[in-house]
Number of protein chains: 2
Amino acid sequence: MRVLGIDPGLTRCGYGLVEKTGRKPVALSAGVIKTSPDLEVPQRLAEMQAEIRDLLIEAQPTVVAIERVLFQVNVSTAMSVGRASGIVMAEAVNAQATVVEYSPNEVKQAVTGWGGASKEQMEQMVKAQLNIDVPLRPVDAADALGLALCHLAHAPTAAAIAKASERGKISS
Amino acid sequence: MRVLGIDPGLTRCGYGLVEKTGRKPVALSAGVIKTSPDLEVPQRLAEMQAEIRDLLIEAQPTVVAIERVLFQVNVSTAMSVGRASGIVMAEAVNAQATVVEYSPNEVKQAVTGWGGASKEQMEQMVKAQLNIDVPLRPVDAADALGLALCHLAHAPTAAAIAKASERGKISS
């Protein structure tokens with residue numbers, strides 16, 4: 001199972017691709033998509049859409065795990081993140097991926113065992129689980145890898161089904 | 001100048017296409033894009049995206065005028081409308097259209113002369129300006145035509161520039 005975590009945003013859209021075929025998950029790529037702040041919002045969204053589409057073609061994820069916006073944010077932030085996440089969702093469906101959403105607390109809980117973990121604790125645990133010994137910068141990339149790990153932790157059944165289906169394909 | 005008004009939403013996305021070449025604007029089409037409520041949000045967004053793309057290919061608008069979400073709405077509504085409007089914006093840019101946003105009050109002010117006009121007053125004025133003598137149903141279509149009329153009222157300069165540029169293209 002290959003999971004692409006995405007922390008959506010117009011200014012910074014973090015992504016992290018994790019594959020789990022054996023017992024340990026492996027990070028395949030991580031980074032941040034940025035759009036030119038000099039452009040108008042619609043142009044930036046179109047730019048982000050093109051980048052996300054390229055990323056999905058390259059990554060070929062089974063699942064796209066997107067950060068869910070919390071209700072504590074203000075309306076302006078919700079609108080802005082909504083615009084970016086709507087585009088990610090539609091493009092993920094177009095790329096035949098399953099879309100799931102997790103809140104920041106669910107990600108922290110799944111990755112560190114504690115919903116109130118700090119950014120530093122999250123980064124440490126993401127690095128430990130993925131056997132990465134360099135700093136994960138920018139932090140959006142670490143968050144996105146955390147989203148992918150969260151899905152792998154939450155979906156053992158889904159993973160088992162996907163694996164069984166892949167074995168089916170190979171043997172048929 | 002051909003303006004496509006869009007009142008974005010996942011459940012109901014109103015659209016109205018208005019052309020103004022001479023003195024009077026003419027309605028070319030209006031309607032509502034709906035997505036299946038039985039589907040998950042990402043699937044519905046992908047469905048809406050495909051419909052919007054088809055609509056833009058057919059309508060060939062110079063400008064897409066989108067309803068701006070007010071800050072009075074709650075975070076959940078802002079997220080939901082944000083998702084739909086983000087997709088509309090990106091697709092409009094992909095279709096080479098200029099994207100503009102107007103608040104409901106700006107539309108009411110431009111179409112009826114009063115920012116506090118009722119839905120009924122809006123519909124009456126949209127029908128009068130476009131010389132339509134049948135009821136505009138559903139109401140989302142009237143709202144979308146109102147957005148297009150609002151842009152035509154707000155942008156005499158933009159219209160003049162676009163017209164001059166079109167004349168330039170024809171004569172060259």
Side-chain angles (χ1 to χ4, degrees), chain A residues 4 6 8-11 13 33 35-36 39-54 56 61-103, chain B residues 4 6 8-11 13 33 35-36 39-54 56 61-103:
Chain A
L4 180 66
I6 293 194
L10 188 55
T11 306
C13 185
I33 293 170
T35 60
S36 332
L39 295 177
E40 299 280 332
V41 168
Q43 273 70 24
R44 295 177 73 181
L45 289 168
E47 202 177 83
M48 201 207 74
Q49 182 191 43
E51 298 254 13
I52 288 285
R53 206 175 285 168
D54 288 349
L56 286 162
T62 327
V63 173
V64 174
I66 304 177
E67 184 166 309
R68 178 181 283 132
V69 175
L70 292 178
F71 288 98
Q72 290 91 312
V73 302
N74 64 39
V75 167
S76 172
T77 303
M79 265 299 287
S80 176
V81 177
R83 284 171 179 157
S85 75
I87 288 174
V88 172
M89 284 179 175
E91 293 303 327
V93 169
N94 294 341
Q96 325 292 338
T98 301
V99 178
V100 289
E101 281 186 290
Y102 296 104
S103 71
Chain B
L4 179 66
I6 293 194
L10 188 55
T11 305
C13 185
I33 293 170
T35 60
S36 332
L39 296 177
E40 300 280 331
V41 168
Q43 274 71 23
R44 296 177 72 182
L45 289 168
E47 204 176 82
M48 202 206 75
Q49 182 191 43
E51 299 254 12
I52 287 286
R53 206 175 286 167
D54 288 348
L56 286 163
T62 326
V63 173
V64 173
I66 304 176
E67 184 166 310
R68 177 182 283 133
V69 175
L70 292 177
F71 287 100
Q72 290 90 312
V73 302
N74 63 39
V75 167
S76 173
T77 304
M79 263 302 285
S80 177
V81 177
R83 283 171 179 157
S85 75
I87 288 174
V88 173
M89 285 179 174
E91 293 304 327
V93 169
N94 293 342
Q96 324 293 335
T98 301
V99 178
V100 289
E101 280 186 291
Y102 297 104
S103 71

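This is a predicted model, so every value here is computed, not measured. Below, chain A is the first sequence line, B the second, and so on; all start at residue 1.
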| Closest heavy-atom contact between A:N74 and B:V75? | C-CG2, 4.2 Å
| remark: Residue set satisfying side-chain contact (heavy atoms from CB on, under 4.5 Å) with B:Q43, at least two apart, ordered chain then number -> A:V93, B:L39, B:E40
Validation: residues 80-89 of chain B side-chain donor-acceptor distances under 3.5 Å, sequence neighbours left out:
| residue | atom | partner | partner atom | Å |
| --- | --- | --- | --- | --- |
| B:R83 | NH2 | A:E101 | OE2 | 3.2 |
| B:S85 | OG | B:V81 | O | 3.3 |
| B:S85 | OG | B:G82 | O | 3.4 |

| said: Out of A:P42, A:A50, A:A92, A:A46, return the one with the most heavy atom pairs under 4.5 angstrom to chain B. | reply: A:P42
| Over all atoms of both residues, closest heavy-atom pair of B:A78 and A:A78 | CB-CB, 4.0 Å
